[in-house]
Number of protein chains: 2
Amino acid sequence: MQDQLKSDAVIIQALRNKGYKATPQRISVCKIALSSKEHPSVQKICKEVKKTHPTVSLATVYTTLRLLKESSLIQELNFPQGQTRFDPNLEPHINLVCIHCGRIMDVNDSEAKELINKVTKKAKFTPKAQRIDIYGVCQHCSKIDNAKS
Amino acid sequence: MQDQLKSDAVIIQALRNKGYKATPQRISVCKIALSSKEHPSVQKICKEVKKTHPTVSLATVYTTLRLLKESSLIQELNFPQGQTRFDPNLEPHINLVCIHCGRIMDVNDSEAKELINKVTKKAKFTPKAQRIDIYGVCQHCSKIDNAKS
DNA sequence: GTGTTTGCAAAGCATTTGCACAAGT
DNA sequence: ACTTGTGCAAATGCTTTGCAAACAC
């Protein structure tokens with residue numbers, strides 16, 4: 001699940017710097033939320049944490065995710081039907097959201113950044129964050145669809 | 001609230017074409033959802049409809065909005081804390097979302113369209129819809145902030 | 001007249017909160 | 001030791017659903 005694992009030490013330090021206690025559950029949630037490229041849901045994160053901390057509760061996962069959000073380390077992506085996913089990539093980038101398999105792929109594109117700069121400057125709007133989603137069918141799913149027909 | 005009011009006749013025709021009955025409540029919800037530039041919430045739409053149809057229920061508003069969504073006439077924009085807003089603009093455009101006053105301003109920009117074309121082609125992704133949000137402080141709210149300090 | 005829609009109230013979910021106990025510093 | 005965090009269960013708030021009466025066609 002995590003390609004780019006943050007080490008425990010780094011996370012413990014970051015939590016303490018912000019005045020939070022570094023509990024095992026918290027460290028685990030942070031590691032997954034900050035390292036995953038899968039844009040996991042709360043349920044998915046909780047399931048993952050349970051592998052090493054079987055007693056963890058959803059409440060703790062929610063609380064920790066809120067800390068990360070308030071510390072501007074992750075972004076919350078809300079979708080219809082109460083689907084919420086989390087993204088540690090806060091740079092301007094594009095989310096390709098597959099409406100078949102639910103996968104979200106990141107595309108880093110410098111033009112996205114330029115577009116945001118241009119538009120906000122023109123509208124005298126002070127940007128703090130952004131979200132660019134494209135909804136559609138990913139390469140993998142359209143292959144499956146084609147094979148079926 | 002509505003600058004670009006769709007006429008009743010057009011909406012009635014559209015509903016019937018899709019096999020739906022044109023009830024007064026439905027017509028009213030459609031008019032507001034399709035014409036408003038304010039990206040209204042469900043509550044706001046319901047309140048607006050109540051002005052002419054005081055007995056309308058939230059359930060009816062929800063149902064009608066679902067029809068419009070499934071007919072690809074509006075888009076649902078989900079935000080944290082169960083905030084849902086609706087947007088009749090389905091063309092690629094940019095939403096400037098003010099985190100102070102909650103206003104959402106549309107910016108039509110051909111570069112947004114081009115960016116989407118480029119990225120989806122490259123990733124062999126079939127686009128169906130999109131959403132580009134920039135979160136920050138609008139011109140009006142930053143003036144207020146400056147005046148305070 | 002027939003099938004759909006309405007409006008109410010109840011049910012369903014995701015998320016938050018209160019609180020006693022446990023754990024980190 | 002003191003304070004904060006955990007985990008449970010209950011509460012909250014948005015959205016959906018079931019159903020009888022009302023309505024569109």
Side-chain angles (χ1 to χ4, degrees), chain A residues 8-9 11-33 39-47 49-71 74-86 102, chain B residues 8-9 11-30 33 39-47 49-71 74-86 102:
Chain A
D8 285 20
I11 288 175
I12 292 170
Q13 203 50 58
L15 284 170
R16 291 194 180 149
N17 284 347
K18 292 193 177 284
Y20 302 131
K21 291 187 178 170
T23 69
Q25 297 91 325
R26 232 172 225 181
I27 297 165
S28 178
V29 172
C30 291
K31 255 164 78 171
I32 292 162
H39 306 75
S41 64
V42 180
Q43 297 293 338
K44 185 112 192 194
I45 292 169
C46 192
K47 217 163 135 188
V49 175
K50 280 209 163 93
K51 288 183 185 171
T52 47
H53 305 278
T55 65
V56 81
S57 71
L58 263 176
T60 300
V61 177
Y62 274 109
T63 309
T64 307
L65 289 171
R66 184 161 49 185
L67 293 187
L68 291 173
K69 207 169 56 176
E70 286 172 357
S71 305
I74 58 171
Q75 185 182 21
E76 190 177 336
L77 299 177
N78 301 97
F79 295 102
Q81 301 148 38
Q83 303 265 26
T84 302
R85 313 267 299 250
F86 292 89
Chain B
D8 285 20
I11 288 175
I12 292 170
Q13 203 50 59
L15 283 170
R16 291 198 180 144
N17 284 347
K18 294 193 177 284
Y20 302 130
K21 291 189 176 168
T23 68
Q25 296 91 326
R26 233 174 224 179
I27 296 164
S28 178
V29 172
C30 291
H39 308 76
S41 64
V42 181
Q43 298 292 339
K44 185 113 192 191
I45 292 169
C46 192
K47 217 162 133 186
V49 175
K50 280 209 161 95
K51 288 181 184 171
T52 47
H53 305 278
T55 64
V56 80
S57 72
L58 263 175
T60 301
V61 177
Y62 274 110
T63 310
T64 308
L65 289 171
R66 184 161 51 187
L67 294 186
L68 290 174
K69 208 170 54 177
E70 286 172 356
S71 305
I74 58 169
Q75 185 183 21
E76 190 178 335
L77 298 178
N78 301 97
F79 295 102
Q81 301 149 37
Q83 303 266 27
T84 302
R85 314 266 298 253
F86 293 88

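Please read these numbers as outputs of a predicted model, since none were measured by experiment. Here is how names work: the chains are called A, B, and so on, in the same order as the sequence lines, proteins then strands, and each is numbered from 1. Keep in mind that the numbers below use all heavy atoms, side chains included, and drop hydrogens, waters and symmetry copies.
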Looking at Y62(B), does any N or O in its side chain come under 4.0 Å of the phosphate oxygens OP1/OP2 on dT16(D)?
-> no
Considering just the side-chain nitrogens and oxygens of T63(B), establish if one lies under 4.0 Å of OP1 or OP2 belonging to dT16(D).
-> no
T23(B) vs dC23(D): side-chain N/O to OP1/OP2 distance below 4.0 Å | no
So, T52(A) side chain and V49(A) main chain: donor-acceptor pair closer than 3.5 Å or not?
-> yes
Which one, dT5(C), dT6(D), dT15(C), comes nearest to the side chain of V42(A)?
-> dT15(C)
Whole-Å distance, Q13(A) CD to dT25(C) P, equals 11 Å
Does T60(A) have a side-chain nitrogen or oxygen under 4.0 Å from the phosphate oxygens OP1 or OP2 of dG7(D)?
-> yes
Just wondering, do L77(A) and Q83(A) contact through their side chains at under 4.5 Å, heavy atoms?
-> no
Among the nucleotides dA24(D), dG7(D), dG7(C), which one has an atom lying closest to any side-chain atom of P24(B)?
-> dA24(D)
Separation of S71(A) OG from R66(A) CZ (nearest 0.5 Å) = 12.0 Å
For atom CG of L15(B) and atom C1' of dC25(D), their distance in whole Å = 14 Å
May I have the distance from N78(B) (atom CG) to dT15(C) (atom P), rounded to whole angstrom?
-> 11 Å
Which part of the nucleic acid, if any, lies within contact of P80(B), taking any heavy atom under 4.0 Å across all strands shown: a base, the sugar-phosphate backbone alone, or nothing?
-> nothing
Nearest-nucleotide wise, let me know which of T55(A) and L58(B) is further upstream toward the 5' end of DNA chain D.
-> T55(A)
Between dA22(C) atom P and Q25(A) atom CD, what is the distance in whole Å?
-> 14 Å
Answer yes or no: does a side-chain N or O of T84(A) lie under 4.0 Å from OP1 or OP2 of dT15(C)?
-> yes
Under 3.5 Å donor-acceptor pairs involving side-chain atoms of residues 19-29 of chain B, not counting sequence neighbours:
| residue | atom | partner | partner atom | Å |
| --- | --- | --- | --- | --- |
| T23(B) | OG1 | R26(B) | N | 3.3 |
| R26(B) | NH1 | K21(B) | O | 3.0 |

Candidates dT6(D), dG7(C), dA24(D) - which lies nearest the side chain of A59(B) = dG7(C)
Criterion side chain to side chain contact (heavy atoms under 4.5 Å, CB included) on E76(B) and F86(B), from CA distance to verdict = CA-CA 5 Å; E76(B) 190 178 335; F86(B) 293 88; 3.9 Å; yes
Any side-chain N or O of R66(A) less than 4.0 Å from the OP1 or OP2 oxygen of dG5(D)?
-> no
Give the rounded distance in Å between these two atoms: OH of Y20(A) and P of dG5(D).
-> 8 Å
Give the rounded distance in Å between these two atoms: CZ of R85(B) and P of dC14(D).
-> 14 Å
Can you tell me how far P of dA14(C) sits from NZ of K44(A), to the nearest Å?
-> 16 Å
Please determine, for the side chain of K21(B), which listed nucleotide (dT3(D), dG7(D), dG3(C)) has the closest atom?
-> dG3(C)
Could you state the atom-to-atom distance from CG of L65(A) to P of dT6(D) in whole Å?
-> 12 Å
